[in-house]
Amino acid sequence: MPRRVRLGSPFQLLLLACSFALAAYAGVRLFAGDWFGVALWIAGAALLHDLVLVPLYGLADRLVVRGLGAAGRRGRTSYVRVPAALSLLLLLVWFPLISGMTAQSYRLATGLSPDGFLARWLLITAVLFGGSALLLAARAFRVRRAAKQRPTADH
């Protein structure tokens, strides 16, 4: 008996159609100006990501896992991975402004100063890692408290 493919609710289908319409509108607006430059940037970013950044991500992750595994703390890997991934994603998004490569075009397009993006990125990175450290400390506190409340085994 063939499996019947279920469609979503009418609201889900409407939401999906709206998201496709919004993506098509954004694509048309994006390619309206310098379509060749945008296409070149997308292809270059994909190649840079796949050929350079993914091996670096893998190497850094392997080093973190190996280092925490050697210390007997492999379960704490996510407390480093998550803030590092979010911080690197923000760096990737803000890199043109952090490096100053697009400072003039940013100022002309928005009328705002591009200064301060490096400080903001560093502050957000510190908050991400600090929050992760607080979550790790709270987890360690709960584990210790649970271990103290556990009755001792009689032998």
Side-chain angles (χ1 to χ4, degrees), residues 7-146:
L7 294 176
S9 69
F11 178 71
Q12 287 175 327
L13 294 174
L14 177 66
L15 193 61
L16 186 63
C18 288
S19 67
F20 278 124
L22 181 63
Y25 172 74
V28 167
R29 292 289 305 236
L30 182 66
F31 284 106
D34 181 20
W35 68 268
F36 182 74
V38 172
L40 185 65
W41 185 86
I42 290 172
L47 287 173
L48 174 71
H49 179 265
D50 292 350
L51 297 178
V52 177
L53 296 179
V54 169
L56 288 176
Y57 301 155
L59 178 65
D61 187 60
R62 189 171 300 159
L63 291 173
V64 167
V65 169
R66 186 176 294 158
L68 290 174
R73 309 260 194 268
R74 187 176 172 133
R76 298 180 179 180
T77 305
S78 294
Y79 291 95
V80 176
R81 278 182 182 162
V82 172
L86 292 173
S87 176
L88 288 172
L89 179 64
L90 289 174
L91 176 64
L92 188 64
V93 169
W94 286 344
F95 182 75
L97 290 166
I98 289 172
S99 66
M101 293 172 24
T102 59
Q104 186 63 24
S105 60
Y106 180 77
R107 186 181 314 273
L108 290 174
T110 64
L112 302 172
S113 171
D115 299 335
F117 276 92
L118 176 62
R120 291 180 195 135
W121 175 73
L122 290 172
L123 180 64
I124 290 171
T125 298
V127 167
L128 287 171
F129 277 97
S132 183
L134 286 175
L135 287 174
L136 180 61
R139 175 183 171 215
F141 177 74
R142 283 193 312 267
V143 167
R144 280 192 193 139
R145 193 172 68 191

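Please read these numbers as outputs of a predicted model, since none were measured by experiment.
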Next item on the list: Not counting sequence neighbours, which residues clear side chain to side chain contact (heavy atoms under 4.5 Å, CB included) with S105? List them please.
Entry: T102
Notebook entry, point to check: Got a sec, which pairs hit ring pair (Phe, Tyr, Trp, His ring centres under 6.0 Å) with one end in residues 65-89, sequence neighbours left out?
Noted result: none
Checklist line | R29: side chain to side chain donor-acceptor pair (under 3.5 Å) partners, not counting sequence neighbours | finding: Y25
Next item on the list: Any chance you could measure F141, atom CZ, to L136, atom CG, to the nearest 0.5 Å?
Entry: 14.0 Å
Notebook entry, point to check: Excluding sequence neighbours, so at least two apart, what forms side chain to side chain contact (heavy atoms under 4.5 Å, CB included) with L118?
Noted result: I98, W121, L122
Margin query: Just checking F95: does its CZ atom have more than 12 heavy atoms from other residues, nucleotides or ligands closer to it than 6.0 angstrom?
Written below: no
Margin query: Measuring from atom OG1 of T125 to atom CG of L91, what distance do you get when rounded to the nearest 0.5 angstrom?
Written below: 8.0 Å
Margin query: Tell me which pairs pass salt bridge (Lys or Arg N to Asp or Glu O under 4.0 Å) where either residue lies in residues 102-124, with sequence neighbours left out.
Written below: none
Check: What pair of heavy atoms forms the shortest contact from L128 to S87, and how long is it?
Finding: CD1-N, 4.0 Å
Next item on the list: Report the residues that fulfil ring pair (Phe, Tyr, Trp, His ring centres under 6.0 Å) with F117, sequence neighbours left out, ordered by chain and then residue number.
Entry: W94, Y106
Please output the side-chain donor-acceptor pairs of residues 41-63 that fall under 3.5 Å, not counting sequence neighbours, one pair per line with the distance.
residue, atom, partner, partner atom, Å
D61, OD1, R81, NE, 2.6
D61, OD1, R81, NH2, 3.4
D61, OD2, R81, NH2, 3.1

Item checked: Qualifying side chain to side chain donor-acceptor pair (under 3.5 Å) pairs, either residue in residues 127-143, two or more places apart -> none
Margin query: Applying side chain to side chain contact (heavy atoms under 4.5 Å, CB included), can you list everything that pairs with S9, at least two apart in sequence or on another chain?
Written below: F11, Q12
Next item on the list: Output all residues satisfying side chain to side chain contact (heavy atoms under 4.5 Å, CB included) with S78, sequence neighbours left out; order by chain, then residue number.
Entry: none
